[in-house]
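These notes are about the structure you will find just below.
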Amino acid sequence: MRHPDLVIIGAGVVGASCAYFAALAGLRTVVLDRAGVAGGTSSAGEGNLLVSDKEPGPELALAQYAQRLWRQDLAEHAARWEFEAKGGVVVAATAPALAGLRRLADAQRAAGVIADDLGPDDLPDYEPELATGPAGGAFYPEDAQVQPMLAAAQLLRLARDRGAELRAAEVTGFLRSGDDVVGVRTADGGTIPAGRVINAAGTWAGEVAGLAGVTLPVLPRRGFILVTEPVGRLIRHKVYSADYVDNVASSDAMLQTSPVIEGTPSGTVLIGSSRERVGFDHEVRPEVLGLLARQAIELFPVLAGVRVLRHYHGFRPYCPDHLPVIGADPRAPGLLHGCGHEGAGIGLSVATGALLTQVITGEPPGVDPAPFAPERFEAGVDHE
């Protein structure tokens, strides 16, 4: 390959999406990753493609754009990443929680989201094994799921079919021409000149940005997930407690948990979710795993008789204002970022890749990129 038009740092699902849309646009593209395909956060998530957990605003608009891409532009490839249009059921345990859920659903509907209010008598029609007693809920038919590692691998395969190249390499610095970023340096002492560089390094995106002399407050937020033995189609939708939305939007560094439960095509059940800011601490906390199991059983008593086969954990790339960083960085011309999506990165990945490609090629953007601008943190936003 001649000098590429674009180097992408990161072969997770965001970097893979960037590679796919860039290759589709005819850009000569090289993807670099020190850990291989989906070696970071993309290998430790549930694969959620959600609109239900997002309040009206820039992130919801990005999620709606992503939904169109997953369901329309990428529909012919859906089987490659086990796309499931399963829908989501949000459960409110109490009357106050239900009132809050109703307010959120009303605002989401005004923004174009499909949301059906459910009373307590409606819930068993959607989830027959759900515990009795919740005050009500809401059904979001647009919520979906993919297998994230398959999504990353297959998007990269599609990009490589169009000429993109994948290399195992660690980026240790940037090539500069004056202030401009014009390529990367790698740990083996090599250099790759390029027209532009995308930082899609997930939880390490802040460190990569620092190599270019710019600050991005991307921090790791640890989460655990349980995986049960295969039980068939026990859980029909993605089901979670209404307080999950508050946890997603919280900036608290301490442990937070709320039940999030869903089945997979293989018949296993995924049980989450937890959030805590502990740096890159990989310590397994049995008390958190036990809490997740108890919360799942409270929501689905039938799970009390199901064995947990394994657990895993990963680090979500968290930004303090809860918006991803997407766009060209004027502080280092030639450098773009696609990072900071926290737990929404799988679902938002394709919108991120499409939007960054549109920025590079000058095509009209699929959604307003201004709220995601990298330089917004220079305006006094609290980074802690």
Side-chain angles (χ1 to χ4, degrees), residues 13-14 17 45-74 83 85-92 97 99-118 137-146 221 237-251 258 260 273 275 316-327 337-356 358-359 364-374 376 381:
V13 71
V14 173
S17 295
E46 295 167 279
N48 297 326
L49 279 56
L50 304 183
V51 295
S52 59
D53 64 340
K54 296 171 179 62
E55 296 183 356
E59 190 182 28
L60 177 57
L62 189 67
Q64 290 172 306
Y65 179 42
Q67 285 278 343
R68 294 194 296 273
L69 293 170
W70 283 114
R71 292 174 178 270
Q72 298 175 23
D73 297 59
L74 294 166
F83 179 90
K86 62 171 58 175
V89 174
V90 185
V91 179
L101 177 59
R102 293 283 187 266
R103 288 192 294 271
L104 174 62
D106 285 343
Q108 290 169 325
R109 280 189 285 265
V113 173
I114 302 172
D116 300 328
D117 294 337
L118 303 179
F139 174 59
Y140 291 83
E142 294 167 295
D143 281 358
Q145 184 181 21
V146 297
R221 206 176 187 191
H237 306 87
K238 179 181 180 66
V239 183
Y240 64 85
S241 173
D243 62 1
Y244 172 78
V245 177
D246 293 333
N247 285 355
V248 169
S250 171
S251 297
S258 55
V260 181
S273 71
R275 281 174 160 77
R316 306 177 184 95
Y318 159 89
C319 264
D321 64 358
H322 304 288
L323 288 178
V325 182
I326 307 170
H337 303 284
C339 55
H341 301 79
E342 200 178 337
I346 308 300
L348 301 180
S349 61
V350 292
T352 300
L355 189 56
L356 286 173
Q358 291 155 2
V359 169
V367 66
D368 180 10
F372 313 111
R376 70 185 189 268
V381 175

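Note: hydrogens, waters and symmetry copies are ignored here, and every other heavy atom, side chains too, is used.
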- Specify the closest pair of heavy atoms between Leu356 and Gly327, including all atoms of both residues, with the distance to one decimal. CD2-N, 3.4 Å

- Does Ser241 have any side-chain hydrogen bond (donor to acceptor under 3.5 Å, both in side chains) partners at least two apart in sequence or in another chain, and if so, which? Asp243

- Okay, side chain of Glu59, backbone of Lys54: is any donor-acceptor separation there less than 3.5 Å? no

- Considering residues at least two apart in sequence or located in another chain, which fulfil the ring-ring contact (aromatic ring centres under 6.0 Å, His included) criterion with Phe372? none

- To the nearest 0.5 Å, atom NZ of Lys238 lies from atom CG of Leu50 at 5.5 Å

- Residues Glu46 and Val260: closest non-hydrogen pair is OE2-CG1, 4.1 Å

- Note: Leu60 and Ala111 closest approach over all heavy atoms is CD2-CB, 3.9 Å

- side-chain hydrogen bond (donor to acceptor under 3.5 Å, both in side chains) partners for Gln64, two or more places apart: none

- Message: Quick check for you: to the nearest 0.5 Å, what is the distance between Arg376 atom CZ and Asp321 atom CG?
- Response: 4.0 Å

- Query: Would you say the side-chain atoms of Glu55 pair up with the backbone N or O of Leu104, donor to acceptor, closer than 3.5 Å?
  - Reply: no

- Note on the structure: Between Leu101 and Ala92, the two heavy atoms sitting closest are CD2-CB, 4.3 Å

- Item | salt bridge (Lys or Arg N to Asp or Glu O under 4.0 Å) partners of Arg109, counting only residues at least two apart | Asp106, Asp117

- Message: Less than 4.5 Å apart, side chain to side chain, heavy atoms only: is that true for Tyr240 and Ser52?
- Response: yes

- Task: Could you walk me through whether His237 and Phe139 pass the side-chain contact (heavy atoms from CB on, under 4.5 Å) test, one step at a time?
- Result: CA-CA 9 Å; His237 306 87; Phe139 174 59; 3.6 Å; yes

- Side chain to side chain, Pro371 and Leu62, heavy atoms closer than 4.5 Å: no

- Message: Applying ring-ring contact (aromatic ring centres under 6.0 Å, His included), can you list everything that pairs with Phe83, at least two apart in sequence or on another chain?
- Response: none

- Task: Report the distance from atom OH of Tyr65 to atom CG of Asp368, rounding to the nearest 0.5 Å.
- Result: 13.0 Å

- Message: With a 3.5 Å distance limit and no angle check, can you tell me whether Gln67 reaches the backbone of Leu49 through a side-chain donor-acceptor pair?
- Response: yes

Side chains of residues 347-355: which donor-acceptor pairs under 3.5 Å do they make with residues two or more places apart or in other chains?
{"residue": "Ser349", "atom": "OG", "partner": "Ser17", "partner atom": "OG", "Å": "3.4"}
{"residue": "Ser349", "atom": "OG", "partner": "Ile346", "partner atom": "O", "Å": "2.8"}
{"residue": "Thr352", "atom": "OG1", "partner": "His341", "partner atom": "NE2", "Å": "2.8"}
{"residue": "Thr352", "atom": "OG1", "partner": "Leu348", "partner atom": "O", "Å": "2.9"}

- Nearest heavy-atom neighbours spanning Arg68 and Gly366: NH2-O, 4.1 Å

- Report yes or no: does Arg71 contribute a side-chain atom to a donor-acceptor pair with the main-chain N or O of Glu142 at less than 3.5 Å? yes

- Message: Any non-hydrogen side-chain atom of Asp143 less than 4.5 Å from a side-chain atom of Val51?
- Response: yes

- Query: Do Tyr140 and Gln108 have side chains that get closer than 4.5 Å, going by heavy atoms?
  - Reply: yes

- Looking at CZ of Arg221 and CZ of Arg275, how far apart are the two atoms once the value is rounded to the nearest 0.5 Å? 5.5 Å

